[in-house]
Amino acid sequence: MSVPLLKIGVVLSTMAMITNWMSQTLPSLVGLNTTKLSAASGGTLDRSTGVLPTNPEESWQVYSSAQDSEGRCICTVVAPQQTMCSRDARTKQLRQLLEKVQNMSQSIEVLDRRTQRDLQYVEKMENQMKGLESKFKQVEESHKQHLARQFKAIKAKMDELRPLIPVLEEYKADAKLVLQFKEEVQNLTSVLNELQEEIGAYDYDELQSRVSNLEERLRACMQKLACGKLTGISDPVTVKTSGSRFGSWMTDPLAPEGDNRVWYMDGYHNNRFVREYKSMLDFMTTDNFTSHRLPHPWSGTGQVVYNGSIYFNKFQSHIVIRFDLKTETILKTRSLDYAGYNNMYHYAWGGHSDIDLMADENGLWAVYATNQNAGNIVVSKLDPVSLQVLQTWNTSYPKRSAGEAFIICGTLYVTNGYSGGTKVHYAYQTNASTYEYIDIPFQNRYSHISMLDYNPKDRALYAWNNGHQVLYNVTLFHVVRADEL
């Protein structure tokens, strides 16, 4: 921007120099060197440089140039009488000078027009440069904001991955343990092959003992691999849309191979009819079912089908009933001492959900609350045959603040709500009697969960969400230590 403006200044300075030269040099070239003051009209005086000969009538009168408002050179010349011009040799010289002055004036006008045009171009370029500079600043700011967002996203991802590092380290140890098992199996296979060739080389009882010991260790390892810590829950899969806003549905985790029946219970009170569907496909595509009538209406949505029997809380009581679905008879009833009921200690959504029965890899459980534990959640392990309480754990989590709960591998998981945004944020480990706050996202697609239970056979969560029956897959991290085998 500064170079074009400098060029314009040089041009204007050159024009002033040319004008000054004309005013000083022209009179001397024609031999005129006097000064004249003339009075302008109205009594004011204009000062201009002029020449007068000895006889004004016999020679030219030349006045110096001046600049008009646009910076152009203006010269005033008074010609002598015609009779004197032809005899004066200096007249010809002056005429030539005047022609040069005219040519110079024309050149200056051309230069002035070009200068004006260049000035307009420079001004236009200046505006464009300012606009370009503004755009560059916007791009720079946008780039900084984009980098900041990327950095924040990467940092959040790293925060999520950092807790997995110790788990991966434990996986390395697990891999070594599995490799050790593989080597032992290979060694036993080699021994058995040699034994076939040479009977009596090894003591049969000792060999049988080694095989049995390895079999037990492998069975224990497989049992450990079936359990793990919950680290993720998938997006929901809607299986069916049916029933009221509240209810429960499930499959039997101990059902024999080929038994894929689905059990369906609509509502949370004043109902005693259980629907039986032959398979998950029938449940999804048809309304063909068999109905079972319970001897008492159930309370809440915390029922569970386990090893051919349905376990439920009798309405308006703290009694748990085991009902055989094949013979349709009551096999056992038992009271949960001090357990709240009849909407005393329900989940946050209400619905007489005081007592929640559930099953996992370790067996049958009851989740409830008592006055003795200040309304906080109590977890009890039940004998599935006698319904006797085998062991109890008192937590510090208020049951009325819990949206829903489920148990995986002996660990109780609690959601922070039942509607809108939901997550699993509390875990209580019964094997260590410890708890922790966690943050596992949980998509609540239909905004009202009234039942949430884990099935260890399917490795899935069954949920009743506002009249929709949905499934969630779970992600578990398995940790196996040699000292546990």
Side-chain angles (χ1 to χ4, degrees), residues 236-255 260-277 280 283-284 287 289-294 296-316 320-323 325 341 343 346-360 364-368 382 399 402-408 413-415 418-419 422 442 444-458 460-472:
V237 176
T238 302
V239 177
K240 191 172 184 177
T241 300
S242 64
S244 64
R245 194 176 189 184
F246 314 96
S248 61
W249 72 294
M250 64 214 76
T251 59
D252 189 346
L254 296 185
N260 301 313
R261 287 177 294 175
V262 176
W263 308 92
Y264 178 96
M265 305 171 73
D266 190 12
Y268 63 83
H269 74 299
N270 287 336
N271 193 355
R272 59 176 68 188
F273 290 96
V274 181
R275 294 182 184 180
E276 173 192 334
Y277 293 84
M280 186 67 74
F283 177 67
M284 294 172 60
D287 283 330
F289 59 85
T290 301
S291 183
H292 301 267
R293 187 178 186 274
L294 300 179
H296 305 283
W298 66 75
S299 181
T301 58
Q303 304 84 17
V304 62
V305 174
Y306 189 74
N307 198 21
S309 296
I310 183 169
Y311 299 78
F312 66 96
N313 173 215
K314 181 181 177 182
F315 184 59
Q316 293 183 338
V320 175
I321 297 177
R322 177 191 174 198
F323 182 80
L325 290 167
Y341 64 93
N343 269 338
H346 53 73
Y347 285 129
W349 63 272
H352 295 268
S353 54
D354 301 84
I355 298 175
D356 191 2
L357 303 172
M358 55 191 71
D360 73 343
L364 185 66
W365 303 83
V367 175
Y368 53 98
L382 303 181
K399 190 167 187 296
E404 269 290 343
F406 55 91
I407 292 181
I408 298 178
Y413 295 96
V414 180
T415 66
Y418 64 92
S419 62
T422 308
F442 179 71
N444 188 352
R445 177 171 294 174
Y446 303 108
S447 303
H448 195 288
I449 295 177
S450 60
M451 169 260 179
L452 186 64
D453 274 334
Y454 171 70
N455 187 305
K457 181 180 180 181
D458 300 333
L461 292 174
Y462 284 64
W464 190 292
N465 195 337
N466 206 4
H468 300 80
Q469 292 74 49
V470 299
L471 288 174
Y472 298 86

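In this text, all values refer to a predicted model and were calculated from it rather than measured experimentally.
- Nearest heavy atom pair, residue G302 against residue D356, reads CA-OD1, 3.2 Å.
- One finds the NZ atom of K457 at 7.5 Å from the CG atom of D252 (value rounded to the nearest 0.5 Å).
- One distance of note links CD1 of I407 with OH of Y454; it measures 12.0 Å at 0.5 Å rounding.
- S242 and Q469 are linked by a side-chain donor-acceptor pair at a separation below 3.5 angstrom, with hydrogens and angles left out of the test.
- To the nearest 0.5 Å, the span separating CZ on F289 from CH2 on W263 amounts to 13.0 Å.
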(request) Carefully, step by step, assess I408 and D360 under the rule side chain to side chain contact (heavy atoms under 4.5 Å, CB included). (result) CA-CA 6 Å; I408 298 178; D360 73 343; 5.7 Å; no
(request) Quick one: do M280 and N260 satisfy side chain to side chain contact (heavy atoms under 4.5 Å, CB included)? Show the steps, please. (result) CA-CA 7 Å; M280 186 67 74; N260 301 313; 5.9 Å; no
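- We find the CD1-NE2 distance between I449 and H468 to be 12.5 Å, quoted to the nearest 0.5 Å.
- D287 approaches K240 most closely through the heavy-atom pair OD1-NZ, 3.4 Å.
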(request) Mind running side chain to side chain contact (heavy atoms under 4.5 Å, CB included) on D453 and M451 for me, showing each step along the way? (result) CA-CA 7 Å; D453 274 334; M451 169 260 179; 4.0 Å; yes
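- To the nearest 0.5 Å, atoms OH (Y368) and CG (L357) are separated by 10.5 Å.
- Scanning both residues, T301 and E404, for their nearest heavy atoms gives OG1-OE2, 4.3 Å.
- Listed here is the closest heavy atom pair of L325 and H292: O-CE1, 3.6 Å.
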(request) Starting from the C-alpha separation in whole Å, work towards a yes-or-no answer on side chain to side chain contact (heavy atoms under 4.5 Å, CB included) for R445 and V470. (result) CA-CA 10 Å; R445 177 171 294 174; V470 299; over 6 Å; no
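- For R261, the salt bridge (charged side-chain N to carboxylate O under 4.0 Å, His left out) partners are D259, E276, not counting sequence neighbours.
- The aromatic rings of H269 and H352 lie parallel to each other, their planes meeting at an angle below 30°, with 60° marking the opposite boundary.
- Residues forming a ring-ring contact (aromatic ring centres under 6.0 Å, His included) with Y413 (at least two apart in sequence, or on another chain): F406.
- Taking the centre of each ring, Y462 and W249 come in below the 6.0 Å mark.
- Between M358 and V367 there is a side-chain heavy-atom pair separated by less than 4.5 Å.
- Here the shortest heavy-atom pairing between D458 and N455 reads N-OD1, 3.2 Å.
- The shortest distance between side-chain heavy atoms of L294 and I321 does not fall below 4.5 Å.
- Shown here are the salt bridge (charged side-chain N to carboxylate O under 4.0 Å, His left out) partners of K314, two or more places apart in sequence or in another chain: there are none.
- In this structure, D266 contributes its side chain and S244 its backbone to a donor-acceptor pair below 3.5 Å.
- No option in Y264, Y446, F246 other than Y264 meets the ring-ring contact (aromatic ring centres under 6.0 Å, His included) test with W464.
- In plain terms, the two heavy atoms of K399 and S353 that are nearest each other are NZ-O, 2.7 Å.
- In this structure, W349 and Y268 have perpendicular ring planes: the angle between them is above 60°, well past the 30° mark.
- One distance of note links CD1 of I355 with NE2 of H346; it measures 13.5 Å at 0.5 Å rounding.
- Remark: side-chain polar atoms of D354 are paired, donor with acceptor, to backbone N or O of N343 under 3.5 angstrom.
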